[in-house]
Amino acid sequence: MNRAKWKPRWHAINIIRDRNTQVTLYHFGIYVTITLALVTSALALHNTLRFTERNVVFVANQPLFLPILVCTGLVSLYLGVIASVSVSRERDRKTLEVLMYGPVDEAAFLLGIFLAQLLIFLVAMAFLFIWSNLAVWVLNLGFSFEVIGVLIASILMASVIVAFGLFTAVWGDKTRTALVVLILVLLLLAGVQIADQVVSNIIVSTNPSSNDPILIIRNALAMLTRLIQWISPYAQLTQAMDALVNHSLVSYLVNLGIMLIQSSVLLVGGIKLLSRKGARG
């Protein structure tokens, strides 16, 4: 598209972004979510350190990685829900139809909401970065620049979830339908990842048999994880963490590229779908 058409579009994108950012920041929900995420991260860090101590593990590979995964997962889930509600709310109030008759088109509308949620996620990541530095200082841990790499990967993970929230809102028409689909899919993907992380840290018996329940659950979760690793942004973030631990820059960049492609496909798909269905659905 020509430059003359994108100039007013960017102006509309910035206005929608600012409006949605202010609405979210003025609501206490985002602050409750960030607080809950940081508290949960602290519990996850405590459990990781206790596991390391009880099992006489002298070195733990990046104990901050699991807390960061939990924190970013909770915040991104909340922002995905907010993005989905923002689209559905505009349609329910009939304001989306008014916007489409004005200077706003489908791309400007969805991109404005998308950028607003990413901006809020960056604010949450600033709190998480401060928290991680405090944890390093209090617990006398060794801070690594790999933590920054994980935070960068988490931004792309959040972009996939927010884009998926926008897509489900456009596809589902009604707010309830969009939220049910969004939450069920994301909780399923996140639940499998977190359960696999937790169960993999459980010590099985010295001579486990094929009927050992822990071993059966571990194998089942590992199989599910392999099945969803190419579509789950949580799986991509976990693989990016593993790549950083193993110092594999190529694998890390591949995971970032996959998440970038996922968010782009979902955004373009949402824009095309909204153009086809129209403001009224």
Side-chain angles (χ1 to χ4, degrees), residues 20-21 23-25 27-45 65-89 110 113-129 131 150-172 175-198 221 224-225 228-229 231-241 255 258-260 262-263 266-267 270:
N20 282 269
T21 301
V23 169
T24 305
L25 290 179
H27 197 271
F28 68 91
I30 182 62
Y31 302 103
V32 173
T33 302
I34 293 176
T35 302
L36 179 62
L38 292 177
V39 171
T40 307
S41 299
L43 293 175
L45 177 60
F65 277 13
L66 180 58
I68 291 176
L69 175 64
V70 173
C71 182
T72 55
L74 290 174
V75 175
S76 61
L77 175 60
Y78 176 82
L79 294 179
V81 170
I82 291 298
S84 182
V85 170
S86 297
V87 175
S88 302
R89 181 177 55 196
L110 293 182
I113 298 177
F114 175 78
L115 294 177
Q117 307 312 317
L118 281 190
L119 182 61
I120 296 171
F121 188 81
L122 290 176
V123 174
M125 289 304 95
F127 283 104
L128 180 59
F129 183 74
W131 174 87
V150 173
L151 293 178
I152 294 174
S154 68
I155 296 173
L156 289 175
M157 181 268 295
S159 70
V160 177
I161 296 174
V162 172
F164 182 63
L166 295 174
F167 183 84
T168 55
V170 176
W171 171 80
T175 305
R176 182 179 301 177
T177 303
L179 289 181
V180 168
V181 174
L182 173 67
I183 293 176
L184 285 181
V185 172
L186 293 182
L187 286 181
L188 176 63
L189 297 178
V192 171
Q193 287 297 120
I194 295 175
D196 185 47
Q197 289 279 338
V198 173
L221 288 173
L224 286 174
T225 302
I228 67 174
Q229 65 180 352
I231 61 174
S232 171
Y234 300 111
Q236 294 301 323
L237 179 58
T238 303
Q239 292 180 51
M241 292 178 177
N255 295 129
I258 291 175
M259 289 187 286
L260 182 60
Q262 287 176 333
S263 60
L266 289 170
L267 268 177

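This is a predicted model, so every value here is computed, not measured. In what follows, every heavy atom counts, from backbone to side chain, and hydrogens, waters and symmetry copies are set aside.
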Participant: Heavy atoms only: give me the nearest Ile161-Pro233 pair and the separation to one decimal.
Facilitator: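 So the two residues come closest at CG1-CG, 3.9 Å.
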Participant: Show the nearest heavy-atom pair for residues Phe114 and Ser159, with the distance to one decimal.
Facilitator: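 Looks like CE1-O, 3.3 Å.
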Participant: Return the set of residues passing side-chain contact (heavy atoms from CB on, under 4.5 Å) with Ala153 (not counting sequence neighbours), or none when no residue passes.
Facilitator: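 If we apply the side-chain contact (heavy atoms from CB on, under 4.5 Å) test to Ala153, skipping adjacent residues, the hits are Leu237, Ala240, Tyr252, Leu256, Met259.
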Participant: Run the side chain to side chain contact (heavy atoms under 4.5 Å, CB included) test on Thr72 and Phe121 for me, step by step, so that the C-alpha distance in whole Å, both residues' side-chain angles and the decisive distance to 0.1 Å come before the verdict.
Facilitator: CA-CA 9 Å; Thr72 55; Phe121 188 81; 4.1 Å; yes
Participant: Drop me the distance from Phe129's CZ to Leu122's CG, to the nearest 0.5 angstrom.
Facilitator: 13.5 Å
Participant: Can you tell me if Ser76 uses its side chain to pair, donor with acceptor, with the backbone of Ala158 under 3.5 Å?
Facilitator: no
Participant: So, taking the atom named OG in Ser41 and the one named CG in Leu36, what distance separates them when rounded to the nearest 0.5 Å?
Facilitator: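 With rounding to 0.5 Å, OG (Ser41) is 9.0 Å from CG (Leu36).
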Participant: Working to the nearest 0.5 Å, report the span between CD1 of Ile258 and CD1 of Ile231.
Facilitator: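 These two atoms lie 12.0 Å from each other.
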Participant: For Gly270 versus Val170, what's the shortest heavy-atom pair and its separation?
Facilitator: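 What the structure gives for the nearest pair is O-CG1, 3.9 Å.
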Participant: Suppose we screen for side-chain contact (heavy atoms from CB on, under 4.5 Å). Which residues come up paired with Val180, at least two apart in sequence or across chains?
Facilitator: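 Checked Val180 against side-chain contact (heavy atoms from CB on, under 4.5 Å); matches are Arg176, Leu184.
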Participant: Sub-3.5 Å donor-acceptor pair from the side chain of Ser86 to the main-chain atoms of Ile82, do we have one?
Facilitator: yes
Participant: Where is the tightest heavy-atom contact between Leu151 and Ser154, given as atom of each residue plus distance?
Facilitator: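 Distance-wise, the nearest heavy atoms are O-OG, 2.5 Å.
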Participant: Looking only at non-hydrogen atoms, find the nearest pair between Thr33 and Tyr78 and report the distance.
Facilitator: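 Taking every non-hydrogen atom into account, OG1-CD1, 3.3 Å.
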Participant: Please examine the side chains of Gln117 and Thr24, heavy atoms only from C-beta on, and report whether any two atoms are closer than 4.5 Å.
Facilitator: yes
Participant: Where the side chain of Thr168 meets the backbone of Gly165, is there a donor-acceptor pair that is under 3.5 Å apart?
Facilitator: yes
Participant: I'd like to check the side-chain contact (heavy atoms from CB on, under 4.5 Å) partners of Leu25; sequence neighbours left out, ordered by chain and number.
Facilitator: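 Residues passing side-chain contact (heavy atoms from CB on, under 4.5 Å) with Leu25: Thr21, Tyr31, Ile120.
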Participant: Under the side chain to side chain contact (heavy atoms under 4.5 Å, CB included) criterion, do Leu128 and Ile34 qualify, and how do the steps go?
Facilitator: CA-CA 9 Å; Leu128 180 59; Ile34 293 176; over 6 Å; no
Participant: Could you check Leu38 against Cys71 for side chain to side chain contact (heavy atoms under 4.5 Å, CB included), going step by step and ending with a plain yes or no?
Facilitator: CA-CA 6 Å; Leu38 292 177; Cys71 182; 4.1 Å; yes
Participant: Roughly how far apart are Leu69 CG and Tyr234 OH, rounded to 0.5 Å?
Facilitator: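 These two atoms lie 9.0 Å from each other.
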Participant: Distance from Leu118 atom CG to Leu156 atom CG, nearest 0.5 Å?
Facilitator: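 Between Leu118 CG and Leu156 CG, I get 9.0 Å after rounding to 0.5 Å.
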Participant: State the CE-OG1 distance between Met157 and Thr238, to the nearest 0.5 angstrom.
Facilitator: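 Met157 atom CE to Thr238 atom OG1 measures 9.0 Å (nearest 0.5 Å).
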